[in-house]
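Written below as structure tokens is the structure these notes are about.
In what follows, chains are A, B, ... by sequence order, proteins preceding strands, each numbered from 1.
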Amino acid sequence: MMKLLVLDGNSILNRAFYGIKLLTTKDGHFTNAIYGFLTMLKKMWDETQPDAVAIAFDRREPTFRHLEYDGYKAQRKGMPEELAEQMPVLKELLELLGYPLVEQAGFEADDILGTLAKASREQGAECVIATGDRDSLQLVGDGVTVRLAATKFGQPQVTVYDAEKIREEYGVEPPQMIEIKALQGDSSDNIPGVAGIGPKGAGELIRSFHDIDHIYENLDTIDIKEGMRKKLREGKESAYLSRKLGTICTDVPIDTKLETYRLQSGDKAAAARLMARLELFSLIPKLGLDAAAQETPEQSKTADSLPVKVLADGAGLLIPLQEQGRADLTAVYDGNEISSLLLPMDGTVFVLKPEKAFLRALCGNAKIVKNIHNSKPFYAALERLGVEVKNFGMDTLLAAYLLNPTSSDYGVERLAAEYEVPVPSANGEYADAARAALLPALVDRLTTEIEQNGQLDLLKKIELPLAKVLAGMETVGFAVDAAGIEEYGKGLQTRIDEIQSRIYEQVGYEFNVNSPKQLGQALFEKLGLHTGKKTKSGYSTNAEVLESLRYDHPAVEMILEYRGLTKLKSTYCDGLLKVIGPDGRIHSSFNQTETRTGRISSTEPNLQNIPVRTEQGRELRRFFIARPGWVLVDADYSQIELRVLAHVADDKNMIEAFRENADIHRSTAAQVFRMPEEMVTPIMRSRAKAVNFGIVYGIGAFSLSKNIGVTRKEADDYIKAYLAHYDGVRSYMNHVVELAKERGYAETLFGRRRYLPELTSSNFNLRSFGERVAMNMPIQGTAADIIKIAMIRVAERLTREKMQAQLILQVHDELIVEAPQEEAEAAAKLLTEEMQNAVSLSVPMLAEAKIGKTWYDAKE
DNA sequence: TCGGTCACG
DNA sequence: ACGTACGTGACCGAC
């Protein structure tokens, strides 16, 4: 028997849009509904395995009803711009994929579903209706089932309705669904129903009396409450109108020959290209378009398999590589060692196990430009062998990051799709070889893009050399005193046990204090404390809430201490002990393509968030040490972000303050509170400091007031006073947002970009967020650029001056060098100089270095 | 896997 | 009228 799948295009698109968080391409086109629609379509297809498929869309002609004010507004509200723009793109994509679309002027998708369901039944075929609306349930019957689509947690979900399921859920036969609706109405569809009757009442009436005809024919005699009888009597006209409005039409003038709806061949390659343009890369393999995605429009569909040659020795490659002038390297690692190297040349991928001599010859040959995807591990491997790289050309990973730092996937295959790199073959056997074969074209393509963006300097002078510095830092690592951490942890544990039992005593029963859920029950249900904020899943128990309850019950303070102690114990003591290497050092990974602002991040472990703000936490830094006979030199920038702000905003007053090396928070306080600096109290200074921070983050009066505990009005006055005095900052903030809106991205002094599709959103919150980011990213990002330059200069100079000292850590505005005792002073001087001279701005960049045996001592 | 929490700049 | 400061990563419990 033939099986036809009919999709209600509009309703599924709607469900997808509201069920999946807004996704955009990096240039700001919304794609979440398209993504959701296709995953739903795929699921429906897989589950039903139909022989034919029709996708129905509304094509409502403007009618008088739509021109009425209310109707117009409802219409607009029902279809936000973010969704509307996805509709035509989805239709194009569906056509390219070969799905027959059905529309008929003046009819809704529902009516098309009804017409095709009826046609199927008449032709003895099976019909599966896929929709997000329950309206279509009235169509269920012989050979017709409805699959109700929903999107929960971003995942497609389907509930199957046959006649049995409807009887079970509603207690009526499918055709009676329309009788229920006649009484109940449907506000979203402008169906009035009977006033005062809801789903429950409507269901009961229809279950008892079958349909509205029977109800109204016997209205005076049927056994119902008098109130109900009155409502029904008054709503009679409305009920009949509702039934008429809600009845799905089954005779839309469309083609009802089911053969028409067989899947067509479409243009798979074009569909794959469109999906790549929409940056919906994960869908390409899901929809089985991998092969199509690899066809360029000109290419034939019969790609040869990729020739791969395994070589015992690479020596023979050196001459041809030199003639070619480039080596596009794909390395495979075993630990830190390069276990094989893949080199595409003239359509063949050569695979070899690289001996040190070969690597030295290749990397040392200045006539061969070396390109690679992800240079950091390559540098780490070469460093172990003592091999230097001359003439390094391109790292496609870093280039792709500069082109769009918001992406979360910089895999070669995905980049090849995004940047429409021709794929040399469809060979899927050797994934590494296939990737290697993509590299040359990707290198060329990304080089062009980077040049077009004016980011070549940023790439070549900052990111590429930084990768080598980071490789060095990872390799060297940071020495720690494991026994010290262990003992410190034991002390914490003793105290944790003690407090835990006291908390149990106070609350009256034992529970998991680490569980926000159980803790919420204990505090707010058992102890009856006032609930503060709520979270999605219950009461909020964060430090801010607990702080406000501190004096309401003795348990609260204990819980605060418990939280602090367990954090130190589990994240820092236990966490750090787990990652100490056999050399007694911690080798964190420094990720260069993770943040959207250009900062680096640190993982496994994160060494950029080791406690410092409280003394108890700061103690941990005593266990971060220099090796015997060596010391740590720790240098940090003073107010780097505010100095950057003074420069980029070209704010005369702020520039002057920094040139005079003023205490910037004090000087801000003097301005905001309009008084001489000598009269600024510590409270005023700390408030001014919060204002300075707020400015950098894209300030709002509400958050500032919350942060410093003043009224919103006061906070607003502070901001006004601030902007009045720092007029350059005011105009900069306005300008930078406008510029970002115009260009679609924010950028740093060095041309690092962050695309901000949020700025075009019609959603107030999202757009406001975009505006704050447009203000913050150039500041945070420029500061990140500056310290990266400093790192490169520090590392180069340490090498040039043949010092043993090495850079081991960066914490955003702080650099740590491990140096032999006798190099300490020289290293401190070098660090300060290179940090201060990394860039020349309209304000001095001040950095200060300190020396100590431990991180604690070097940062006092 | 996600949300809540909290550590850092 | 909206909901409310930027950027990270790790751990835990709950689902």
Discussion item. Could you tell me how far B/dC6 sits from C/dG3 if I compare only their P atoms? Round to whole Å.
Written reply: 25 Å
Item to complete: Just call it for A/R599: base, sugar-phosphate, or nothing, with non-hydrogen atoms closer than 4.0 Å on any strand.
Response: base
Worksheet item: So, A/T593 and A/N591: side-chain donor and acceptor under 3.5 Å apart, yes or no?
Response: yes
Practice prompt. May I have the distance from A/N542 (atom CG) to C/dC11 (atom P), rounded to whole angstrom?
Written response: 21 Å
Worksheet item: Can a donor-acceptor pair be found between the side chains of A/S762 and A/E82 at a distance below 3.5 Å?
Response: yes
Item to complete: Scan A/N763 against the nucleic acid and name what it touches under 4.0 Å (heavy atoms): base, sugar-phosphate only, or nothing.
Response: nothing
Discussion item. Measuring to OP1 and OP2 of C/dG13, would you say a side-chain N or O of A/N512 lies under 4.0 angstrom away?
Written reply: yes
Response to the item:
Separation of C/dT4 atom C1' from A/I719 atom CD1, nearest Å, is 12 Å
Worksheet entry | Rounded distance in Å - CG (A/N765) to P (C/dA5) | 10 Å
Item to complete: Select base, sugar-phosphate, or nothing to describe what A/I610 touches, counting heavy atoms under 4.0 Å on all strands.
Response: sugar-phosphate
Worksheet item: Can you tell me how far C1' of C/dA14 sits from CG of A/N514, to the nearest Å?
Response: 13 Å
Worksheet item: Toward the 5' end of DNA chain C, which comes first, A/P605 or A/T597, by nearest nucleotide?
Response: A/T597
Worksheet item: DNA chain C: stems of at least 3 consecutive Watson-Crick or G-U pairs, cut-off 3.5 Å?
Response: B:1-9 with C:6-14
Worksheet item: Which class fits the ring pair A/W855 and A/F624: parallel under 30°, tilted 30 to 60°, perpendicular over 60°?
Response: perpendicular
Discussion item. Please give the distance between the P atoms of B/dT5 and C/dC2 as a whole number of Å.
Written reply: 24 Å
Worksheet item: Do A/R712 side-chain and C/dT4 base share a donor-acceptor contact under 3.5 Å?
Response: yes
Discussion item. Tell me whether A/R712 forms a cation-pi arrangement with A/F702, defined as NZ or CZ under 6.0 Å from the six-membered ring centre and within 45 degrees of its axis.
Written reply: no
Practice prompt. Mind checking A/R613 for me? I need base, sugar-phosphate or nothing, with any heavy atom below 4.0 Å counting as a touch.
Written response: base
Worksheet item: When the distance from CD of A/Q810 to P of C/dT8 is rounded to whole Å, what number comes out?
Response: 14 Å
Discussion item. Hydrogens and angles aside, do A/Y697 and A/R772 bring a side-chain donor and acceptor to less than 3.5 Å of each other?
Written reply: no
Discussion item. From OH of A/Y697 over to P of C/dT4, roughly how many Å is that when rounded to an integer?
Written reply: 18 Å
Discussion item. Taking any atom closer than 4.0 angstrom to a non-hydrogen atom of chain A, what span of DNA chain B does the protein reach, first nucleotide to last?
Written reply: B/dG4 to B/dG9
Worksheet entry | From C/dG7, C/dT8, C/dC15, nucleotide with atom closest to A/K517 side chain | C/dC15
